[in-house]
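Here the structure is a predicted model, which means the values were calculated and not measured. The chains referred to below are lettered A, B, ... by the order of the sequence lines, with proteins before strands, and numbering in each begins at 1.
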Amino acid sequence: MSSRRTKDRLTRRDVLYGGTALIGAAATSRLWRPGPAFAAEPRPGGTVRISVTQQMTTLIPFKQGNNPEYMTGEMMYSGLVRVGPDMVPRPDVAESWSANEDASEFVFKLRKGVRYHHGPEVTAADAVASLKAVLDPETASPGRKNVGPIKDIVADDDYTVRITLDGSFADLPVTMGHPSAKIVPAAILDKGLDTLAQGDYGCGPFKLVDYAPARTLKVSRYDGYHVPGQPYLDGVEQILFPDLAAESAALLNRETDVMLAVNNADFERLSNTGGVVGRRQRTGRFLNLVLRMDTKPFDDIRVRQAMAMCLDRQGLVDLVLEGFGRPAYDNPISPEYRYYIDHNRPSYDVEGAKRLLAEAGYPNGVKVELTCSTRPPLRAQLGVALKEMARAAGFDIDVKTVPHDYYIANVWKKGGFYVGSWNMRPMEDQMFTLLLTSDAPWADTAWNNATFDEIVYKARRTTDDDERRELYAEAQRMCIDEKPYIVPFYQDVLTAHRDYVMDYTMHPLQVSYYMDRTWLAEGAPQRG
Amino acid sequence: MTDRFRGSWLERLLTNPLGLAGTVILLVAAAQVALGPALAPYDPLEFHPRNRLEGPSLAFWFGTDQFGRDVFSRVMVGARSTILFGVVATVLSTAAGSLVGIVSGYVGGRIDDVIMRATDSFMAIPNLLLAMLIITVLGPSTTNAVLAVAVSFTPSMARIARSVTLSVRTRDFVHAAVARGEGAAYIVLREILPNVVAPVVIESSIRIAFAIMIGATLSFLGLGAQPPASDWGLMVSEARSFMFRNPWLVVWPSLAIGSVAIGFNLFGDGLRDALNPRVGR
């Protein structure tokens with residue numbers, strides 16, 4: 001564990017994820033047409049137009065939090081490392097890294113000669129200042145709690161960054177790949193964070209050309225990018241389409257080349273259109289039912305179990321996800337994670353659920369109000385399906401939909417029963433410490449289980465793989481048995497692009513798109 | 001009966017082809033409101049997972065939606081919430097608007113100025129925006145949506161009631177009542193109100209169409225009826241994602257909203273002609 005130069009040797013993780021990828025490829029269905037992975041030599045040139053439905057709100061990389069923003073941040077800026085679709089951290093501005101024996105201190109060696117778009121060379125001082133900005137509560141970066149338990153960051157020289165941790169944390173190279181952990185010039189940060197919102201101070205593969213908020217973002221190739229020969233594209237345009245029908249029509253008309261996200265209901269139609277490639281990626285993304293454990297009726301474990309037992313989970317995958325997903329059994333950790341376990345699947349048993357409700361003191365059923373944000377619409381669909389399924393067991397669910405802003409302000413972390421929606425995280429620790437430990441910033445179930453906290457924090461400090469596996473298994477067992485959340489399914493992520501778009505990468509975390517490696521084959525429309 | 005019918009406003013309404021068409025549409029709608037749930041072949045909330053997103057068939061006349069619910073049953077049942085929404089909101093705004101308008105017009109002076117400037121400022125905001133604003137404050141639900149639409153329609157009803165009051169106030173029979181020493185309440189209720197009724201009723205019959213459309217729009221935006229309710233606006237909204245898989249899902253509720261809105265418009269036009277023979281076509 002002393003050296004984690006992943007390039008040099010095949011790690012256990014490489015094998016693990018390589019293995020899953022092979023199984024995934026073998027399971028390729030008619031709908032699952034991956035991009036031509038063994039394609040010919042990349043062809044330079046051309047501009048790709050990508051349609052997005054979420055609005056970019058900021059150019060400041062530390063503050064970016066939605067998918068179009070992640071894509072933009074990745075194009076304009078670079079970080080120390082990049083986490084691939086296989087969850088393996090690979091060099092970016094850092095060319096190598098190493099840890100001390102108990103993984104409490106890491107040293108990252110920076111590449112020499114990496115230059116910002118506006119000229120200066122990237123130095124260790126920049127990386128230090130940038131990471132400190134991410135950690136500064138004033139910045140309000142979504143990465144603050146995600147980049148790891150960092151105690152101190154110093155620059156040993158111009159090309160060496162030393163990070164001291166609060167205890168052991170073996171996964172630091174993974175968390176350093178967090179999309180908000182980008183490197184910007186220290187000199188610009190000195191002028192204030194908002195300077196970053198007004199221009200381009202990155203060293204990423206593309207330079208900012210034009211940003212029209214709520215409309216388009218255009219970038220062009222940065223010739224001095226530190227990876228020779230890349231990027232292949234001359235430019236990328238991101239276009240906002242608030243209307244889904246207009247967005248898919250644009251792809252069909254070849255007005256756009258890539259749809260960042262495709263609606264489940266629309267996927268089959270697009271995939272079956274000639275010239276369009278529909279792509280599907282399994283992820284640990286899920287919708288969850290948040291059952292608040294300090295309010296009635298869900299303060300009683302039997303009520304939570306009863307709710308879990310009246311769900312026909314495959315039925316929900318078919319009804320709500322149009323089949324693009326897999327049933328889950330209340331585990332927030334999916335098989336894509338390293339330490340996933342399959343444990344104690346609740347059976348589909350309406351009579352059993354009824355009995356449990358009666359035991360809990362609700363022999364005539366119980367009335368509950370379920371709040372669903374209107375975004376994404378899947379939340380309300382899950383609510384409606386749930387109402388119908390749980391009725392037989394005696395749950396009288398009143399589904400209430402609210403606008404997303406109202407949900408964030410008044411329901412999330414406050415309501416007693418609502419539908420949450422979470423992306424996959426690069427590792428178990430982040431899922432647990434973001435949502436489920438007592439001190440988690442987004443804890444919303446009032447679980448507050450000290451034993452669980454202890455297990456999670458112990459696992460974080462443990463460097464022995466087997467011991468860690470057992471700790472995370474225990475944490476998952478607690479989640480499944482005590483049911484702070486009901487997780488009915490894992491969603492697939494769907495995207496579609498024209499068949500001349502090559503090597504467009506789908507990342508299970510949806511934070512990385514590798515536009516620097518994407519290229520256009522012959523037949524792509526010529527655009528100025 | 002025939003004698004009373006001949007020459008009455010009802011005859012004038014029913015002999016006018018457009019007025020007749022409007023009346024017929026509204027009668028059908030009224031039957032749907034009254035009997036919809038009884039006529040629906042299925043429970044509108046029942047899932048038929050094996051028959052998801054099917055087109056019209058003998059078993060499901062209007063096809064099925066993403067949960068396999070029968071769209072025909074949902075349209076039949078949805079008439080009640082959608083149409084009653086418009087009617088209730090309009091009745092509320094008419095009552096409130098008439099009261100405010102008559103008082104404002106009859107009392108006049110400073111009070112009139114204040115009330116009218118207040119209605120001006122409300123009318124400067126488009127109805128839909130005002131309704132959305134109110135719902136955002138009160139929280140989304142059908143009741144709040146009805147209130148919001150009623151509030152947003154009240155100022156224009158008040159303007160109409162006021163203008164009629166102003167023209168009636170100076171008429172001889174009002175002066176006569178004042179000379180008799182009648183109280184203000186008597187004059188307003190017995191002398192002015194009967195004259196205000198006709199124009200206000202005409203206006204409200206047309207307003208109902210707008211109220212239904214705003215109600216449907218609010219439901220479409222997630223601010224009115226809540227799923228899984230069978231509400232026409234909500235049905236269009238939910239069907240939007242499946243528009244390309246099963247276009248019928250959007251067609252039926254949209255047709256229902258459109259025809260009822262047209263029905264109320266035609267009826268209102270016909271009623272205006274029938275009650276106000278002097279107003280030329």
Which one, Ala380(A), Pro377(A), Ala385(A), leads in non-hydrogen pairs under 4.5 Å with chain B? Ala385(A)
Please name the pair of heavy atoms, one in [X] and one in [Y], separated by the smallest distance, quoted to 0.1 Å.
| X | Y | value |
| --- | --- | --- |
| Phe67(B) | Gln381(A) | CZ-O, 3.4 Å |
| Val399(A) | Gln226(B) | O-CB, 3.7 Å |
| Glu388(A) | Glu46(B) | OE2-CA, 4.3 Å |
| Asp318(A) | Arg52(B) | O-NH1, 3.4 Å |
| Phe244(B) | Asp266(A) | CD1-OD1, 3.6 Å |

Would you say [X] has more than 12 foreign heavy atoms packed within less than 6.0 Å of its [atom1]?
| X | atom1 | value |
| --- | --- | --- |
| Lys296(A) | NZ | no |
| Trp248(B) | CH2 | no |
| Arg117(B) | CZ | yes |
| Trp61(B) | CH2 | no |
| Arg254(A) | CZ | yes |
| Phe210(B) | CZ | no |
| Tyr42(B) | OH | yes |

I need the contact set between residues 231-241 of chain B and chain A: heavy-atom distance under 4.5 Å, sorted by residue number. Arg240(B), Ser241(B)
Let me see the working for Gln66(B) and Val384(A) under side chain to side chain contact (heavy atoms under 4.5 Å, CB included), right down to the final yes or no. CA-CA 11 Å; Gln66(B) 70 273 24; Val384(A) 171; over 6 Å; no
Give, as side chain, backbone, both or neither, the part of Lys387(A) having an atom under 4.5 angstrom from any heavy atom of chain B. side chain
Separation between CZ of Phe242(B) and CZ of Arg269(A), rounded to the nearest 0.5 Å: 13.0 Å
Only pairs of heavy atoms separated by less than 4.5 Å count here; which of Pro228(B), Gly68(B), Ala229(B), Pro227(B) has the most with chain A? Pro227(B)
Sequence neighbours left out, cut at 3.5 Å: what donor-acceptor pairs do the side chains of residues 365-373 of chain A make with other protein atoms?
residue   : atom : partner   : partner atom : Å
Ser373(A) : OG   : Arg375(A) : N            : 3.0
Ser373(A) : OG   : Arg375(A) : O            : 3.1
Ser373(A) : OG   : His404(A) : ND1          : 2.7

